[in-house]
Participant: 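Take this structure first; my questions come after.
Protein chains get the first letters and strands the later ones, always in sequence-line order, with residue 1 at the start of each.
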2 protein chains.
Amino acid sequence: MPQNHSIAPAKSGCLRCTLREHCIPQGIAYDELAKFDGLAVTHRKIRRDECLFKAGDKCDTLYVVRLGSFKTTVSTQTGAEQVLGFFMAGDTLGLDGIAGETHAVNAVALEDTEVCVIPYANVLALETQEPEYLRHVQRLLSREVVREHGVALVLGSLAAEERIAAFLLNLSQRFEARGYSKSEFVLRMTRATIGSYLGLKLETVSRVFSRFAADGIITVNQKHIQILDFAALRAIVSGKKRPSP
Amino acid sequence: MPQNHSIAPAKSGCLRCTLREHCIPQGIAYDELAKFDGLAVTHRKIRRDECLFKAGDKCDTLYVVRLGSFKTTVSTQTGAEQVLGFFMAGDTLGLDGIAGETHAVNAVALEDTEVCVIPYANVLALETQEPEYLRHVQRLLSREVVREHGVALVLGSLAAEERIAAFLLNLSQRFEARGYSKSEFVLRMTRATIGSYLGLKLETVSRVFSRFAADGIITVNQKHIQILDFAALRAIVSGKKRPSP
DNA sequence: CGTTTCGTTGAAGAGTGTCAAGGCCAGTGG
DNA sequence: CCACTGGCCTTGACACTCTTCAACGAAACG
């Protein structure tokens, strides 16, 4: 997977960016916003299956997804790949390598994407000037920690159907937060990728999708998913055995 | 589990603390150290099975373990408990709730313990004064993210024996880093707690310990563990099938 | 339109979980 | 000092979920 280097100067600053609320602390007065305008120096386009960064790369920048979505992965000693998370518009990538160390994961585009490039030096500088921004970045970091707690919880204590139900509800919620339909969406990743993320084999993912569809909880057309019964999904996550007559 | 409130004023400041290198950035000149001396305002003793903090508690402090060890846990909707991590001397607790939000996990003492209490206000203040400290805290946070990557990797892609081997090697390494024997130590947690952390049942943990012992890789006496064959453990983590004639 | 990747489904098998019984150990009270 | 108690650990037999292996179908791509 070659790294893509198409870089575009950031024509429009943060001031006019629609994702502003994700990158910049809440409740900032409009005339204060100018301070944040120079944070992102460039944009970068990454095509499907290409890497934004790789484990071991020097980490001197953060990225915010502007368009499209990514997965983060690590490779095991045996060469297998474990998916650790999915990142969509507004999400921040690169937090794991903050503070001048190297990246711990690979970030791979699931589709054609565009990101904001925020040099870590700019982050540091603005943090020391603007305490609100310092809190903001640390909040981002601690949210990432909490997100991973959720992953560990799913992997450590849920059965296959429960994991998939939790996964679908999580996706639904994130689509909704971005203004898309919460009940109908297109998966950006393959069954194998979902399986790796959830600690399951791709066949198991496929089977559970089929079972949910047979029970009228969702409809599945390849990557196109429609959620018909949110309550049922929530019940499954809670560990309630489903009747299957 | 009642919360224990025995608080002692921090008699000796950070200057004389033997854990200094964990709390304060590396490479600080001795005459600069005074700036950090007031970080921890108190110590607190927590007895076995008591909580340092609970999920939902307001988070306005960080803690550094001085003595003993903790587990962090979350509760599922069904009341079950998932263990997320173990923390020993020098480790920082409370990072998940930084930035004025609430704690996302419970921190429970595995034995009688003592922690340094570091008000988050002090952290913020020192961060704005001392850029080196800012980087230090963000490094702590990003290390916590990376640690959780490791947990997800173990839970998502390793079999039972591989998980236990990885767990033992991780413990061994952490004991060694603290000046204890890397080959002989006492587990502070029960089989059930290990199982929860590794996504296994306590019987499976017990069986794998027994199998490793039968193969001469370790010896097990209740909580007392001795590692006899590090290479074998590493081979198991790497997924190599062990001959069992 | 062939080729490749991705997805679905079935049958068989391995690996963990579940249930149950018993042993070991530390602490407690007689 | 001993018996009792309760928590923790070990071990066995069995059930079940998930994986593995395999074949096939569908969509995506050059």
Side-chain angles (χ1 to χ4, degrees), chain A residues 1 47-49 71 78 80-83 108 110-112 154-165 167 186-215 218-225 236 239 241-242 244, chain B residues 1 47-49 71 78 80-83 108 110-112 154-165 167 186-215 218-225 236 239 241-242 244:
Chain A
M1 297 188 189
R47 275 198 295 270
R48 191 176 163 203
D49 290 332
K71 66 178 174 185
T78 60
E81 181 189 64
Q82 167 74 29
V83 174
V108 184
L110 293 170
E111 55 195 314
D112 290 0
V154 166
L155 292 176
S157 62
L158 299 189
E161 293 198 346
E162 297 164 6
R163 293 182 198 190
I164 304 249
F167 173 70
V186 174
L187 299 175
R188 253 65 228 217
M189 66 297 281
T190 68
R191 303 288 192 264
T193 302
I194 298 172
S196 170
Y197 177 60
L198 295 175
L200 302 169
K201 293 296 154 186
L202 68 94
E203 293 94 331
T204 305
V205 175
S206 178
R207 274 186 247 271
V208 172
F209 277 170
S210 300
R211 237 176 291 160
F212 284 178
D215 293 356
I218 62 175
T219 66
V220 184
N221 270 61
Q222 299 295 123
K223 293 195 155 67
H224 187 110
I225 301 280
I236 291 169
K241 274 269 187 291
R242 307 172 304 115
S244 49
Chain B
M1 298 186 191
R47 276 198 294 270
R48 193 177 162 203
D49 289 332
K71 65 178 173 184
T78 60
E81 182 190 63
Q82 167 75 29
V83 174
V108 184
L110 293 170
E111 55 195 315
D112 291 0
V154 167
L155 291 176
S157 63
L158 299 189
E161 293 198 344
E162 297 164 6
R163 293 183 197 189
I164 304 249
F167 174 71
V186 174
L187 299 174
R188 255 61 230 218
M189 66 298 281
T190 68
R191 303 287 192 266
T193 301
I194 297 171
S196 171
Y197 176 60
L198 295 176
L200 302 169
K201 293 296 156 185
L202 68 93
E203 293 94 333
T204 305
V205 175
S206 178
R207 273 187 249 271
V208 173
F209 277 169
S210 300
R211 234 175 294 160
F212 284 179
D215 293 355
I218 62 174
T219 66
V220 184
N221 271 61
Q222 299 295 123
K223 294 195 153 68
H224 188 110
I225 301 280
I236 291 169
K241 273 272 186 289
R242 305 175 303 115
S244 51

Participant: Please confirm whether any donor atom in the side chain of A/Arg207 sits under 3.5 Å from an acceptor in the base of D/dT20, or the reverse.
Facilitator: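 Indeed, a donor on one side and an acceptor on the other fall under 3.5 Å apart.
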
Participant: Rounded to the nearest angstrom, tell me the gap between atom CD in A/Gln222 and atom P in D/dG25.
Facilitator: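 So the two atoms are 15 Å apart, to the nearest Å.
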
Participant: Give the rounded distance in Å between these two atoms: NZ of B/Lys201 and C1' of C/dT18.
Facilitator: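 Spelled out: NZ on B/Lys201 to C1' on C/dT18 is 9 Å.
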
Participant: When all nucleic acid strands are considered with a 4.0 Å heavy-atom cut-off, which category describes B/Ser210: base, sugar-phosphate, or nothing?
Facilitator: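 Sugar-phosphate contact only.
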
Participant: Over how many whole Å does the gap from B/Leu202 atom CG to D/dG7 atom P extend?
Facilitator: 14 Å

Participant: Which pair of heavy atoms, one from A/Thr204 and one from A/Ala160, lies closest together, and at what distance?
Facilitator: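 The pair with the smallest heavy-atom distance is CG2-CB, 4.0 Å.
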
Participant: Between the main-chain N or O of B/Leu158 and the side-chain N or O of B/Arg163, is there a donor-acceptor pair closer than 3.5 Å?
Facilitator: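 Answer holds: yes.
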
Participant: Whole-Å distance between D/dT10 P and B/Arg211 CZ?
Facilitator: 13 Å

Participant: So for B/Glu203 and C/dC19, does any side-chain atom that can act as donor or acceptor lie under 3.5 Å from a complementary atom in the base?
Facilitator: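 When only heavy-atom distances are counted, B/Glu203 does reach the base of C/dC19 through a donor-acceptor pair under 3.5 Å.
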
Participant: Rounded to the nearest Å, what distance is computed from the CD atom of residue B/Glu161 to the C1' atom of nucleotide C/dG17?
Facilitator: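 So the two atoms are 16 Å apart, to the nearest Å.
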
Participant: Does the B/Ser210 side chain pair with the main chain of B/Ser206, one donor and one acceptor, at a distance under 3.5 Å?
Facilitator: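 The answer is yes, because a donor-acceptor pair under 3.5 Å joins these two groups.
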
Participant: If you look at every strand shown and take non-hydrogen atoms under 4.0 Å, does B/Gly195 touch a base, only sugar-phosphate, or nothing?
Facilitator: nothing

Participant: Within the distance-only criterion (no hydrogens, no angle test), does the side chain of B/Asp112 pair as donor or acceptor with the backbone N or O of B/Arg48 below 3.5 angstrom?
Facilitator: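 Such a contact is found between B/Asp112 side chain and B/Arg48 backbone.
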
Participant: Which whole-number value in Å describes the distance from A/Lys223 NZ to C/dG7 C1'?
Facilitator: 9 Å

Participant: For A/Leu187 and C/dC6, what is the distance between atoms CG and P respectively, to the nearest whole Å?
Facilitator: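 Rounded to the whole Å, the gap is 14 Å.
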
Participant: Ignoring hydrogens and geometry, is there a side-chain-to-backbone donor-acceptor pair from A/Ser196 to A/Glu81 under 3.5 Å?
Facilitator: yes

Participant: Kindly point out which of C/dG7, C/dT16, D/dC9 is positioned nearest to the side chain of B/Thr204?
Facilitator: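 Out of C/dG7, C/dT16, D/dC9, the nucleotide with an atom closest to B/Thr204's side chain is C/dT16.
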
Participant: Any idea which of D/dT10, C/dT8, D/dC18 is nearest the B/Val220 side chain?
Facilitator: D/dT10

Participant: By nearest atom, which of the nucleotides C/dG10, C/dG7, D/dC8 is closest to the B/Thr190 side chain?
Facilitator: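 Among the listed nucleotides, the one closest to the side chain of B/Thr190 is D/dC8.
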
Participant: In whole angstrom, what separates A/Arg188's CZ from C/dG7's P?
Facilitator: 14 Å

